[in-house]
Asks: 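I am attaching a structure below and will ask some questions about it afterwards.
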Amino acid sequence: MARKLGVNATQRIALIKNQASALLWYGKIETTEARAKEVASYVSKIITLAVNTYADTVETEVTVKDSKGKEVTKTLIKDGVKKLNARRKIMTLVNDLKEIKADGESKAEFKKRTASVKYPLIEKIFDEYAPKYSARKEEKGQGGGYTRIYKCGPRKGDAAEVAIIELVD
C-alpha cells in the first residue's frame with residue numbers, strides 16, 4: 001500500500017517527483033524515512049527504464065554542404081524508437097534541473113559547456129547512470145537495488161525519523 005505522507009495526492013506526486021529529481025541530480029539527499037522509501041521505488045523504476053533502453057540508437061548518414069560548397073557526408077547518431085519513448089516518459093516523471101555554474105568558471109565557459117545540453121538531468125540519467133547500472137547488471141547479474149537508505153534517527157524539531165537516501169555506486 002502506498003504511503004500518504006500526510007499530504008493530498010497532487011502534493012504527494014509533486015513531492016516525490018522533486019525529491020527523485022534531486023536524488024538523481026545530486027546522488028544523495030536527506031529526508032524522512034517514509035519519503036525515502038517512496039522515492040527509492042520511484043527512482044528504481046526510472047533507472048530501470050533508462051537501463052533497458054539506453055543502447056537503442058540509430059545511425060544515419062546525411063549529405064550536407066559545407067561553407068565552401070562541397071558536399072560532405074556526416075554520420076548522425078539519433079535515439080531509436082524505444083529510447084525516445086523512454087526519454088519522453090522519464091521527462092514526465094522528473095523535474096529537469098538547471099546546470100549550475102562551477103566555482104571559478106566564467107560565463108563564456110559555462111555557456112560553451114552547456115550549449116549542446118538541452119535537458120541536463122535526462123542526459124545525466126542516460127549518459128551516466130544507465131551505462132553504469134547496465135554494466136553492474138552484467139557483472140553481478142543483479143538488476144535493481146539502485147538506492148541505499150541509511151536511518152539517522154529522530155529529527156530534533158518534530159521527532160520524525162530521518163534517513164539519507166543515496167544512489168549505489
Side-chain angles (χ1 to χ4, degrees), residues 1-57 79 82-105 109-110 113-114 116-169:
M1 184 174 161
R3 293 168 189 83
K4 294 192 177 182
L5 304 176
V7 293
N8 64 31
T10 55
Q11 289 174 342
R12 183 172 48 252
I13 292 166
L15 176 101
I16 293 171
K17 196 174 181 180
N18 284 331
Q19 289 199 333
S21 299
L23 177 62
L24 289 167
W25 186 253
Y26 298 110
K28 182 180 191 178
I29 60 171
E30 183 178 317
T31 185
T32 63
E33 189 177 337
R35 288 178 182 179
K37 289 179 181 178
E38 284 295 309
V39 169
S41 71
Y42 192 81
V43 166
S44 72
K45 291 173 187 171
I46 292 169
I47 293 176
T48 301
L49 185 61
V51 165
N52 292 338
T53 60
Y54 86 98
D56 183 29
T57 56
D79 292 344
K82 291 178 183 177
K83 184 175 179 181
L84 184 61
N85 183 34
R87 184 180 294 270
R88 288 177 177 164
K89 192 178 284 188
I90 290 172
M91 288 172 101
T92 65
L93 296 174
V94 296
N95 295 327
D96 201 31
L97 303 173
K98 301 251 188 250
E99 188 76 40
I100 299 170
K101 192 167 83 167
D103 292 336
E105 184 177 33
E109 291 172 339
F110 174 72
R113 180 173 59 92
T114 60
S116 64
V117 180
K118 193 170 183 181
Y119 302 104
L121 180 59
I122 307 303
E123 295 300 320
K124 187 171 188 172
I125 292 169
F126 278 98
D127 295 343
E128 288 182 33
Y129 296 138
K132 179 172 89 171
Y133 289 121
S134 179
R136 181 174 176 255
K137 183 178 180 180
E138 294 295 321
E139 179 185 313
K140 293 186 177 181
Q142 173 188 0
Y146 306 119
T147 58
R148 180 180 297 132
I149 299 174
Y150 296 109
K151 296 178 183 177
C152 298
R155 192 163 45 200
K156 194 166 189 166
D158 61 356
E161 289 295 323
V162 176
I164 294 174
I165 182 171
E166 68 178 7
L167 294 172
V168 175
D169 290 334

Asks: Identify the two heavy atoms, one from I47 and one from Y133, that lie closest to each other, and give their separation to 0.1 Å.
Replies: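 Heavy-atom minimum between the residues: CG2-CD1, 3.6 Å.
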Asks: Flag the pair E33 and K151 as a salt bridge only when some basic side-chain nitrogen lies within less than 4.0 angstrom of an acidic carboxylate oxygen.
Replies: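 Looking at E33 and K151, the cut-off is met.
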Asks: Does the pair K89 and L49 meet the rule for a side chain to side chain contact (heavy atoms under 4.5 Å, CB included), with working shown?
Replies: CA-CA 9 Å; K89 192 178 284 188; L49 185 61; 3.7 Å; yes
Asks: If you apply the rule side-chain hydrogen bond (donor to acceptor under 3.5 Å, both in side chains), what do you find for T31 with Q19, and how did you get there?
Replies: CA-CA 9 Å; T31 185; Q19 289 199 333; 3.1 Å; yes
Asks: Determine, step by step, whether E30 and V162 satisfy the side chain to side chain contact (heavy atoms under 4.5 Å, CB included) criterion, reporting the C-alpha distance in whole Å, the side-chain angles of both residues, the deciding distance to 0.1 Å, and the verdict.
Replies: CA-CA 7 Å; E30 183 178 317; V162 176; 3.5 Å; yes
Asks: Can you confirm whether I149 sits close enough to K37 that some side-chain heavy atom of one is under 4.5 Å from a side-chain heavy atom of the other?
Replies: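 Result yes, sub-4.5 Å side-chain heavy-atom pair found.
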Asks: Kindly compute the distance separating CG (L15) from OG1 (T10), expressed to the nearest 0.5 Å.
Replies: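 Result: 11.0 Å between the selected atoms.
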Asks: Within the supplied structure, the quantity of interest is the number of heavy atoms (other residues, nucleotides, ligands) at a distance under 6.0 Å from Y119 OH; does it exceed 12?
Replies: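 Open: at most 12 neighbouring heavy atoms sit under 6.0 Å from OH of Y119.
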Asks: Is there side-chain contact between I164 and C152, with heavy atoms separated by less than 4.5 Å?
Replies: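 Yes; the side chains approach each other to less than 4.5 Å.
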Asks: For atom CG of D169, is the number of surrounding heavy atoms from other residues, nucleotides or ligands below 6.0 Å larger than 12?
Replies: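 No.
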Asks: Ignoring hydrogens and geometry, is there a side-chain-to-backbone donor-acceptor pair from Y54 to I125 under 3.5 Å?
Replies: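 No.
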Asks: Short question: side chain of D56, backbone of K82 - any donor-acceptor pair under 3.5 Å?
Replies: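 Checked: pair present.
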Asks: Please walk me through it: do D79 and F126 pass side chain to side chain contact (heavy atoms under 4.5 Å, CB included)?
Replies: CA-CA 11 Å; D79 292 344; F126 278 98; over 6 Å; no
Asks: Quick one, V168 and R136 - any side-chain contact, counting heavy atoms below 4.5 Å?
Replies: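 Answer yes - side chains close enough.
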Asks: Supply the atom-to-atom distance T114 OG1 to K98 NZ, rounded to the nearest 0.5 angstrom.
Replies: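 Taking OG1 in T114 and NZ in K98, the distance rounds to 10.5 Å.
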Asks: Nearest heavy-atom pair of R12 and K4: which atoms, and what distance?
Replies: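 Where R12 meets K4 most closely, the heavy atoms are NH1-O, 3.1 Å.
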Asks: Is K17 atom NZ crowded by more than 12 heavy atoms from other residues, nucleotides or ligands, each under 6.0 Å away?
Replies: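 Yes, the 6.0 Å shell around NZ holds more than 12 heavy atoms from other groups.
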Asks: Please say whether more than 12 non-hydrogen atoms of neighbouring residues, nucleotides or ligands are located less than 6.0 Å from NZ in K124.
Replies: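 Counting other residues, nucleotides and ligands, NZ of K124 exceeds 12 neighbours.
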Asks: Over all heavy atoms of both residues, which pair between A20 and V43 is shortest? Give the atoms and the distance, please.
Replies: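 Where A20 meets V43 most closely, the heavy atoms are CB-CG2, 3.7 Å.
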Asks: Under 3.5 Å, is there a donor-acceptor pair between the side chain of T53 and the main chain of K83?
Replies: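 Judged by distance alone, no pair lies under 3.5 Å.
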Asks: About how many Å separate CG of N8 and CG of L5, when rounded to the nearest 0.5 Å?
Replies: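 Here the rounded value is 11.5 Å.
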Asks: To the nearest 0.5 Å, what is the distance between OG on S21 and CG on L97?
Replies: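 Separation between the atoms: 5.5 Å.
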Asks: Of all the heavy-atom pairs spanning A130 and V51, show the shortest one and how long it is.
Replies: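 Minimum heavy-atom contact is O-CG2, 3.8 Å.
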Asks: Between I122 and V94, is the side chain to side chain contact (heavy atoms under 4.5 Å, CB included) condition met? List the steps.
Replies: CA-CA 9 Å; I122 307 303; V94 296; 3.8 Å; yes
Asks: Can you tell me if S44 uses its side chain to pair, donor with acceptor, with the backbone of S41 under 3.5 Å?
Replies: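 Checked: pair present.
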Asks: Would you check if the side chain of K28 reaches a backbone N or O of L167 as a donor-acceptor pair within less than 3.5 Å?
Replies: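 Checking the backbone N and O of L167 against the side chain of K28, no donor-acceptor pair under 3.5 Å is found.
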Asks: Under 4.0 Å between a side-chain nitrogen and a carboxylate oxygen: does that hold for E123 and K118?
Replies: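 Looking at K118 together with E123, the answer is no, because their closest N to O distance does not fall below 4.0 Å.
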Asks: Verify, without hydrogens or angle tests, whether E105 (side chain) and A102 (backbone) share a donor-acceptor contact under 3.5 angstrom.
Replies: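 Judged by distance alone, yes, a pair lies under 3.5 Å.
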Asks: Would you give the length of the straight line joining atom CZ of R3 to atom OG1 of T32, rounded to the nearest 0.5 angstrom?
Replies: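 Nearest 0.5 Å value for the CZ-OG1 distance: 9.5 Å.
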Asks: Below 4.5 Å, heavy atoms only, C-beta onward: do I46 and Y129 meet side chain to side chain?
Replies: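 No, too far: nothing below the 4.5 Å cut-off.
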Asks: Under a 3.5 Å distance rule, please check whether D96 uses its side chain to pair with a backbone N or O of L121 as donor and acceptor.
Replies: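 Yes: the side chain of D96 pairs with the backbone of L121.
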Asks: Are any of the side-chain nitrogens in R155 or E161 under 4.0 Å away from the carboxylate oxygens of its partner?
Replies: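 E161 and R155: not salt-bridged.
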Asks: What are the two closest heavy atoms between E99 and W25, and how far apart are they?
Replies: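 For E99 versus W25, the nearest heavy atoms are OE1-CH2, 3.6 Å.
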Asks: With a 6.0 Å cut-off (strictly less than), is the heavy-atom count around CZ of R113, excluding the residue itself, greater than 12?
Replies: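 Yes - once you tally the heavy atoms of other residues, nucleotides and ligands closer than 6.0 Å, there are more than 12.
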Asks: How long is the straight-line distance from CD1 of I16 back to CG of L23, given to the nearest 0.5 Å?
Replies: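 Rounded to the nearest 0.5 Å, the CG-CD1 separation comes to 12.5 Å.
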Asks: Looking only at non-hydrogen atoms, find the nearest pair between T48 and Y146 and report the distance.
Replies: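 Smallest interatomic distance, heavy atoms only, reads OG1-CE1, 3.3 Å.
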